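In what follows, a structure is listed as structure tokens, so that the remarks can point back to it.
In this text, all values refer to a predicted model and were calculated from it rather than measured experimentally.
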Amino acid sequence: MFRNKWVMLGLMFALLLVIGGPYLVWKEKYGGGLDNKTADVQQLEKVHAVKAPKEAYDVIVVGTDPEGIAGAVSAARNGLKTLLVDGRDREILGGLMTLGWLNSLDNNYDMDSYDWLAPKPNVLNKGIFQDFYDHIEGTSFDVTTAANVFNRLVRDEKNIDLLLKTQAIEPVLSDSKDDNKRVDALDITLENGEKRRVAAKAVLDATQDGDIAVAAGAPYSKGREDLGDPDSLMAVTVVFRLKNADDSFWKEVRKYLDNDNNSDTSADTYSAAGYGDIKEYKAQNPTKARMRGLNIGRNNDGTILINALQLFNVDPYDPASIQAAYDVAEQELPHVLEFIKQRHPEFSKLELDGMAPEPYVRETRHIYGEYRLTTTDLLENRDQWDRVGFGSYAVDIQSTNPSDPGAVSMKPYKYAVPFRSIVPQKVDGVLVVGRSASYDTIPHGSARVIPLGMAVAESAGAAAKVAIDNNVSFRDMSKSKEMVAQMQVLANKGGMSLQPYNPPKQDYMDHKAYEGLKAMVYMGLVNGSYGNVYFKPEELDKPSNPQRFVNHLTGAKKRYPQAFKGTAANAVAGIEPEKAKSDPLTLEQAAYTLARAAGLSIKSEQAVQELTAKSLLKEETVKLISDKQKLSNGEAYLLVKDAVEILGNLRF
């Protein structure tokens with residue numbers, strides 16, 4: 001008996017080691033609160049820049065945001081003489097991360113090899129981003145640490161000249177074939193006002209807004225223009241800093257979030273996300289500002305940076321509009337902090353300690369390239385033969401106005417960005433890297449994130465080497481599988497991972513209503529949320545209702561007003577509001593709603609027959625409807641898709 005007791009204790013101890021060790025790691029990573037201490041504070045290293053550029057370089061990279069640094073380092077490591085030049089009043093490198101204070105990474109994790117116990121789970125693409133990631137604190141990081149890492153990455157490359165604080169950078173154009181223009185050089189106005197023309201065999205546009213490509217004549221859409229809403233942009237954020245955030249404060253934050261039942265909350269030694277109740281804050285300027293839940297990143301000096309204040313009606317191209325946004329932020333933040341303290345006493349000792357020198361602008365231009373990344377590419381997790389980087393981050397569509405809650409459109413497993421998406425139309429000699437590359441509005445919500453942008457920029461540096469060595473334009477290169485393969489070999493030799501990929505088939509792709517779902521997601525009318533829960537077959541098979549169908553057609557009209565001359569809401573005018581939301585959607589009601597949306601004067605009981613006669617109801621779609629007295633969500637999506645295609649002469 002005694003012996004068995006000790007055997008049992010031994011087995012229990014071994015089990016504790018097997019289970020308890022990983023559990024403690026999990027608790028540390030996801031909010032348990034073991035080690036809350038930050039690293040030592042670093043001194044900001046001086047950035048050494050040249051006074052003036054040489055007359056010519058192999059590659060000029062414009063912009064010192066992380067994408068620009070990755071592109072310049074890649075070009076330099078591939079043996080190209082490189083100028084990294086910036087047109088903002090910056091003294092350090094890192095742009096949005098170090099001057100916009102966006103110190104939390106939107107990582108693209110490799111779900112094929114994801115280790116949830118690892119302090120830094122595997123990320124896609126590797127390469128220069130991995131070099132950076134290995135030398136910062138974690139998913140969130142101290143901005144001085146990041147600035148120093150970026151500085152060292154550039155400083156250690158002997159092929160890079162760094163030029164800062166230029167007053168203007170303008171492309172110099174010559175004629176190219178097929179009515180295109182080619183960028184052969186940049187006219188650069190130095191800090192002292194002196195003008196220099198600098199020749200280049202290739203230019204990487206790593207500006208946040210695609211400034212060089214646009215100035216050279218590349219076409220683009222603005223904001224949500226491809227969804228029929230060109231005046232809407234995702235909210236601008238001014239990140240703010242709080243001081244007195246010592247280790248005991250952070251321990252309380254982690255304790256609170258660890259006990260929060262909301263699945264969207266998380267915390268580790270440097271990062272915290274949650275406090276969703278803060279969105280209940282009543283803004284002093286309700287038409288211009290709103291709070292969302294708190295995304296918090298720690299610095300090593302006892303301060304924290306918070307990404308949560310959304311600002312609306314900001315023109316990112318207008319300095320006066322940016323200043324007005326800062327004025328709004330300055331007015332709001334004392335009230336914001338007081339509200340946070342009232343809700344969460346762990347913040348009681350914290351004080352405002354400044355705003356980021358640069359705003360966090362999420363969306364401006366979307367360049368039209370040789371290929372435009374589509375919603376379907378992400379829905380189906382497509383690989384591309386000319387892949388330059390992989391993404392997996394959730395499609396995060398931030399609010400565009402105070403009444404818009406924003407949405408997570410979907411969560412891709414893994415998708416590829418094609419080289420063709422960084423080759424702008426109408427302009428040769430330039431590649432566009434970063435958030436303004438050729439992405440449709442919805443997929444831009446994922447592809448805009450910095451880690452993916454750095455990967456794309458690294459591939460662009462390798463592409464410059466191939467194009468220069470073969471004496472071809474980027475456009476011609478984008479049509480050559482052989483030269484694109486050479487680029488991928490160079491990128492992989494440099495540490496990237498651009499291997500062909502067989503995507504797992506998603507269950508919604510086999511559903512009878514998948515074509516309707518694709519159209520609805522493309523138009524931004526249906527969102528899957530995290531885990532794509534609203535794309536699941538059981539959700540597609542749930543019953544729709546008259547009001548929901550009206551809402552879908554109203555949204556479609558907003559995007560394609562030329563297709564819908566009437567008002568869908570007239571179809572439910574005689575139905576009690578609660579019944580319109582609870583009664584099942586019949587085929588007759590759906591047809592009547594389509595008729596009213598199209599501006600047709602048809603009685604409800606005649607709608608199916610007349611729309612069929614006018615070919616506004618497709619016979620093949622009607623045959624897919626299981627119960628004409630109770631249409632499902634997916635069946636309703638198919639009807640909306642057909643209406644947009646027929647009335648708008650469009651194809652999804």
Side-chain angles (χ1 to χ4, degrees), residues 108-112 114 124 226-227 263-264 372-384 390-397 405-417 439-447 501-545 548-549 551-553 555-556 559 584-585 587 590 618 620-628 630-645 650-652:
N108 296 272
Y109 289 112
D110 186 349
M111 302 312 296
D112 292 326
Y114 187 83
L124 294 172
D226 59 333
L227 297 179
S263 60
D264 293 338
R372 187 99 157 179
L373 191 71
T374 70
T375 303
T376 305
D377 290 328
L378 274 63
L379 267 174
E380 298 182 357
N381 296 287
R382 290 176 176 172
D383 192 10
Q384 306 280 350
F390 288 110
S392 66
Y393 190 71
V395 180
D396 180 18
I397 308 296
V408 173
S409 178
M410 71 183 92
K411 176 61 175 75
Y413 189 86
K414 180 179 178 180
Y415 64 91
V417 173
Y439 310 140
D440 277 347
T441 291
I442 299 298
H444 166 267
S446 170
Y501 165 62
N502 292 315
K505 194 169 187 180
Q506 306 300 307
D507 54 4
Y508 50 75
M509 293 171 61
D510 289 324
H511 196 277
K512 68 178 183 180
Y514 176 54
E515 292 301 315
L517 176 65
K518 279 201 300 186
M520 297 296 281
V521 176
Y522 174 86
M523 291 185 286
L525 300 179
V526 172
N527 298 300
S529 193
Y530 293 103
N532 299 326
V533 293
Y534 297 111
F535 296 165
K536 293 184 179 299
E538 55 266 32
E539 290 291 332
L540 296 176
D541 291 335
K542 283 183 178 179
S544 187
N545 60 64
R548 187 178 305 152
F549 194 60
N551 294 344
H552 290 328
L553 286 172
R559 283 143 182 78
L585 175 68
L587 179 59
K618 289 185 178 180
E620 58 267 31
T621 298
V622 174
K623 286 181 178 179
L624 289 174
I625 296 174
S626 302
D627 184 348
K628 294 179 177 55
K630 189 170 64 176
L631 274 61
S632 68
N633 287 324
E635 292 163 348
Y637 298 164
L638 286 169
L639 292 176
V640 175
K641 167 188 171 290
D642 289 351
V644 172
E645 288 189 337
L650 297 164
R651 288 294 178 269
F652 291 103

(request) Begin from the C-alpha positions of Glu645 and Arg651 and carry the test side-chain contact (heavy atoms from CB on, under 4.5 Å) through to its verdict. (result) CA-CA 6 Å; Glu645 288 189 337; Arg651 288 294 178 269; 3.4 Å; yes
(message) Tyr501 vs Asn381, test: side chain to side chain donor-acceptor pair (under 3.5 Å). Steps then yes/no.
(response) CA-CA 9 Å; Tyr501 165 62; Asn381 296 287; 5.0 Å; no
Exercise: identify the closest heavy-atom pair between [X] and [Y]:
| X | Y | result |
| --- | --- | --- |
| Ala636 | Leu585 | CB-CD2, 4.2 Å |
| Lys414 | Leu124 | CE-CD2, 3.9 Å |
| Ala556 | Val640 | CB-CG1, 4.4 Å |

(request) Evaluate side-chain contact (heavy atoms from CB on, under 4.5 Å) for Met410 paired with Thr375, printing each intermediate quantity in order. (result) CA-CA 9 Å; Met410 71 183 92; Thr375 303; 3.5 Å; yes
With a 4.5 Å limit on heavy-atom distance, are the side chains of [X] and [Y] in contact?
| X | Y | value |
| --- | --- | --- |
| Val622 | Leu587 | yes |
| Leu379 | Val521 | yes |
| Leu525 | Arg559 | yes |
| Ser632 | Leu540 | no |
| Leu373 | His444 | no |
| Asp440 | Tyr522 | yes |

(message) Let's go through Leu639 and Leu631 carefully: what are the C-alpha distance in whole Å and the side-chain angles of both, what is the deciding distance for side-chain contact (heavy atoms from CB on, under 4.5 Å) to 0.1 Å, and is it a yes or a no?
(response) CA-CA 10 Å; Leu639 292 176; Leu631 274 61; 3.6 Å; yes
Check whether [X] reaches the backbone of [Y] with its side chain - one donor and one acceptor, N or O, closer than 3.5 Å.
| X | Y | answer |
| --- | --- | --- |
| Asn527 | Ser529 | no |
| Ser409 | Val395 | no |
| Arg382 | Leu378 | no |
| Gln506 | Pro504 | yes |
| Thr621 | Leu638 | no |

(message) Determine whether Tyr637 and Ser544 satisfy the following criterion, side chain to side chain donor-acceptor pair (under 3.5 Å), listing intermediate values before the conclusion.
(response) CA-CA 10 Å; Tyr637 298 164; Ser544 187; over 6 Å; no
More than 12 non-hydrogen atoms from neighbouring residues, nucleotides or ligands closer than 6.0 Å to [atom1] on [X], yes or no?
| X | atom1 | value |
| --- | --- | --- |
| Asp510 | CG | yes |
| Lys630 | NZ | no |
| Tyr413 | OH | yes |

Any donor-acceptor pair under 3.5 Å linking the side-chain atoms of [Y] with those of [X]?
| X | Y | answer |
| --- | --- | --- |
| Asp226 | Thr441 | yes |
| Thr374 | Tyr439 | no |
| Tyr514 | Glu380 | yes |
| Asp383 | Tyr415 | no |

(request) To the nearest 0.5 angstrom, please state how far the CG atom of Leu517 sits from the CD atom of Glu515. (result)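 It comes to 9.5 Å.
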Is any side-chain N of the basic residue among [X] and [Y] closer than 4.0 Å to the acidic one's carboxylate O?
| X | Y | value |
| --- | --- | --- |
| Lys628 | Glu635 | no |
| Lys536 | Glu539 | no |
| Lys542 | Glu538 | no |

(message) Using side-chain contact (heavy atoms from CB on, under 4.5 Å), reason through Arg548 and Asn633 one step at a time and then give a plain yes or no.
(response) CA-CA 9 Å; Arg548 187 178 305 152; Asn633 287 324; 2.7 Å; yes
(message) Taking the six-membered ring of Tyr530 as reference, does the cationic atom of Lys411 (NZ for Lys, CZ for Arg) lie under 6.0 Å from its centre and within 45° of its axis?
(response)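 No.
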